[in-house]
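The chains referred to below are lettered A, B, ... by the order of the sequence lines, with proteins before strands, and numbering in each begins at 1.
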2 protein chains.
Amino acid sequence: MQTQGASHGAPLDLVFHALSDATRRGMVERLSRGPASVSELAEPFAMSLPAVVQHLAVLEASGLVRSDKVGRVRTCRMDERALSAAEDWINERKRLWAGRLDRLGEFLSKQDAATKRGTRKK
Amino acid sequence: MQTQGASHGAPLDLVFHALSDATRRGMVERLSRGPASVSELAEPFAMSLPAVVQHLAVLEASGLVRSDKVGRVRTCRMDERALSAAEDWINERKRLWAGRLDRLGEFLSKQDAATKRGTRKK
DNA sequence: TAATTACTTAGGTCTTCACTTAAGTAATGA
DNA sequence: TCATTACTTAAGTGAAGACCTAAGTAATTA
């Protein structure tokens, strides 16, 4: 239906959805300072461990975070590529928006004409 | 609890949530090329008009889009500031992630020690 | 003035989300 | 070996999302 253009697997839907929750953004903030275990990640939040692990699953599904387990400890780290994919999409929109001025004059004359018809009835 | 830092009212939750849906991103793509009416915005999607208007409401709540009505036509336009707020947050995480190397050596020695204990039992 | 157009409003449904508690299980430490 | 620690799994709940149809309303056009 629509072009997706995800750079390497994780669609933008998942990345933006992952970032739409403050808890998950908090986790990304923490991980952007360096890797952490699940318990370390959970510590700042007043929430059950399973809840934190569910957030983590969302982050992993989006590609923002990866993790592996050594012994009984799962260590999580950020993968900045998913973040870049989101940023790239945003930048492309801003770039097009910056070029929109080409069409602004055209739009304004339409608006003006419409307004005139609306207020003065020709 | 967490610092929000939204530039002018719309929290990042709303911006990222708005961008997490392909239909809404499609609308933003369209609007980044210039303003459009509700019907113009709805045209590419196989969806009822009310559904489109609900997506629009989400976009407006996030600050990504503004609209005003002249006569019976509502014209929508993008507000790039909300997009910049999202981009800023992403950039800050990437910046910190880039600086994380300071802590990498430290982390690796911990990992190494843990692995040794795990596989060889001291 | 009557039809058409461009939305709006008001329900309703089915799914996904963000949690919870209660049990697990598998590694470690004493 | 036995308790602890560090998660995991399972099941459930209440709220939010993403649609829909049907029925307005207000502005234009014929």
Side-chain angles (χ1 to χ4, degrees), chain A residues 1-2 11 13-27 35-62 65-76 110-111 113-122, chain B residues 1-2 11 13-27 35-62 65-76 110-111 113-122:
Chain A
M1 289 174 176
Q2 293 268 122
D13 286 52
L14 297 182
V15 178
F16 284 125
H17 172 241
L19 294 176
S20 73
D21 182 273
T23 301
R24 286 190 294 262
R25 283 201 307 281
M27 291 172 157
S37 72
V38 173
S39 327
E40 284 169 347
L41 228 39
E43 192 263 329
F45 303 105
M47 191 182 289
S48 70
L49 228 213
V52 168
V53 173
Q54 279 172 38
H55 282 302
L56 203 44
V58 172
L59 288 168
E60 293 208 46
S62 75
V65 169
R66 280 173 309 130
S67 74
D68 42 354
K69 207 173 177 176
V70 175
R72 63 188 173 185
V73 177
R74 177 172 298 279
T75 301
C76 310
K110 273 190 206 161
Q111 270 294 90
T115 306
K116 273 173 186 158
R117 276 200 308 281
T119 51
R120 299 186 205 156
K121 215 131 193 187
K122 212 272 181 74
Chain B
M1 290 172 180
Q2 294 267 120
D13 286 52
L14 298 181
V15 178
F16 284 125
H17 172 241
L19 294 176
S20 73
D21 183 273
T23 301
R24 285 190 296 261
R25 283 200 308 280
M27 291 173 156
S37 72
V38 173
S39 327
E40 284 168 347
L41 227 39
E43 193 264 328
F45 303 104
M47 193 182 289
S48 70
L49 229 212
V52 168
V53 173
Q54 279 172 41
H55 281 302
L56 203 45
V58 172
L59 288 168
E60 292 208 46
S62 77
V65 169
R66 279 171 311 128
S67 75
D68 42 354
K69 206 171 178 175
V70 175
R72 63 187 174 184
V73 177
R74 177 172 297 279
T75 301
C76 309
K110 273 190 206 161
Q111 271 294 91
T115 306
K116 273 175 186 158
R117 276 201 305 283
T119 49
R120 301 186 204 156
K121 212 134 199 183
K122 212 264 183 80

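- Of all non-hydrogen atoms in A/Leu14 and A/Ala61, the two that sit nearest each other are CD1-O, 3.6 Å.
- Contact of the A/Val38 side chain with the A/Val53 side chain is registered, since non-hydrogen atoms from C-beta on lie closer than 4.5 Å.
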Could you go through the side-chain contact (heavy atoms from CB on, under 4.5 Å) check for B/Asp13 and A/Ser20 one step at a time?
-> CA-CA 4 Å; B/Asp13 286 52; A/Ser20 73; 5.7 Å; no

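- Separating the CG atom of A/Asp68 from the P atom of D/dA6 is a distance of 17 Å, rounded to the nearest angstrom.
- Across all non-hydrogen atoms, the minimal contact from A/Val15 to A/Ser62 is CG2-O, 3.5 Å.
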Give every pair of a protein N or O atom and an N or O atom of nucleotides 7-9 of chain C that lie under 3.5 Å apart, one pair per line with the distance.
unit_1 : atom_1 : unit_2  : atom_2 : d
C/dC7  : OP1    : B/Arg74 : N      : 2.8
C/dC7  : OP2    : B/Ser39 : N      : 3.0
C/dC7  : OP2    : B/Ser39 : OG     : 2.4
C/dC7  : O5'    : B/Ser39 : OG     : 3.4
C/dC7  : O3'    : B/Lys69 : NZ     : 3.4
C/dT8  : OP1    : B/Lys69 : NZ     : 3.3
C/dT8  : OP1    : B/Arg74 : NE     : 2.7
C/dT8  : OP1    : B/Arg74 : NH2    : 2.8

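- For the pair B/Ala51 and B/Met47, the tightest heavy-atom approach, listed with the atom from each and the gap, is CB-CG, 3.4 Å.
- The CE-P distance, from A/Met27 to C/dA18, rounds to 12 Å in whole Å.
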What are the atom names and distances for every N/O pair under 3.5 Å that joins the protein to nucleotides 17-19 of chain D?
unit_1 : atom_1 : unit_2  : atom_2 : d
D/dA18 : OP1    : B/Arg24 : NH2    : 3.2
D/dA18 : OP2    : B/Arg24 : NH1    : 3.0
D/dC19 : OP2    : B/His55 : NE2    : 2.8
D/dC19 : N4     : B/Gln54 : OE1    : 3.1
D/dC19 : N4     : B/Gln54 : NE2    : 3.2

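- When every heavy atom of B/Asp21 is checked against every heavy atom of B/Thr23, the shortest pair comes out as OD1-N, 2.8 Å.
- Annotation for B/Ala18 and B/Arg24: closest pair O-NE, 2.9 Å, computed over non-hydrogen atoms.
- Smallest separation of non-hydrogen atoms from A/Leu49 and A/Ala42: CD2-CB, 3.9 Å.
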